[in-house]
Amino acid sequence: MSHGDERDRQIAAWLKENYIDAGKLGVTTRDLDVSIRFYSETLGMSLKFRDGAHFAALDGGSVTVALASALDHPIPGQVVVGIKTSDVDAAAKAVEASGGGIVKGPYDDPRGRRAVVYDNKGSGLVFYSPLAR
């Protein structure tokens, strides 16, 4: 086994051990009202919550669809996967060590700790850990 294979195995093991949930998809929208109507009326998703004219979350069953304006979307124009993890910093470092890149963070915001990254093929991910309640 090469050093690279061993490193990939270690990273995969860490990810498996530390990821809790990969249940959010972030979608950019130019018109939040139109997008909410589409996802609720056309696809039957119920609105979980809305934050002004910039963000809304819809219940897609096993996944939450997060609609965000370019102002609030972590990578405007790209669908991103939100991954809940117990260690945002370590997750971002693991992605970077495997050929991905850090777009923003890790950082704290009013909802918790986050990092916006690209995987090794350019797909967007947001690692997050909600605030302790």
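Positions are given from 1 along the sequence.
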* Structure fact -> OG of Ser69 to CZ of Arg30, rounded to nearest 0.5 Å, is 12.5 Å

* Ile36 vs Leu67 side-chain heavy atoms within contact, under 4.5 Å -> yes

* Closest heavy-atom contact between Lys48 and Leu58? -> CD-C, 3.8 Å

* **N/O donor-acceptor pair under 3.5 Å between Ser123 side chain and Asp119 backbone** => no

* Asked: In Å, rounded to the nearest 0.5 Å, how long is the span from CD1 of Ile75 to CG of Leu125?
  -> 7.5 Å

* Asked: So, do Pro106 and Asp89 sit near enough that their side-chain heavy atoms are less than 4.5 Å apart?
  -> yes

* To do: Report whether Val126 and Tyr118 are members of the same hydrophobic cluster (ILVMFWY, side-chain heavy atoms less than 4.5 Å apart, transitive linking).
  => yes

* **Val116 and Tyr107, any side-chain heavy atoms less than 4.5 Å apart** => yes

* Structure fact -> Asp33 meets the salt bridge (charged side-chain N to carboxylate O under 4.0 Å, His left out) criterion, sequence neighbours left out, with Arg50

* **Side chains of Arg113 and Asp108 in contact at under 4.5 Å (non-hydrogen atoms)** => yes

* Applying side-chain contact (heavy atoms from CB on, under 4.5 Å), run through Val88 and Ser129 and close with a yes or a no. => CA-CA 7 Å; Val88 169; Ser129 181; 3.8 Å; yes

* Structure fact -> residues 33-54 vs ring pair (Phe, Tyr, Trp, His ring centres under 6.0 Å), sequence neighbours excluded, gives Phe49-Phe55

* Where do Leu32 and Ala53 come nearest, in terms of heavy atoms and distance? -> CD2-C, 3.6 Å

* Asked: Which value, rounded to the nearest 0.5 Å, describes the distance between Asp87 atom CG and Lys93 atom NZ?
  -> 8.0 Å

* Is it true that Val34 and Val79 fall in one hydrophobic cluster, defined by side-chain heavy atoms closer than 4.5 Å? -> no

* **Ala57 versus Leu47, closest heavy-atom pair with distance** => O-CD1, 3.6 Å

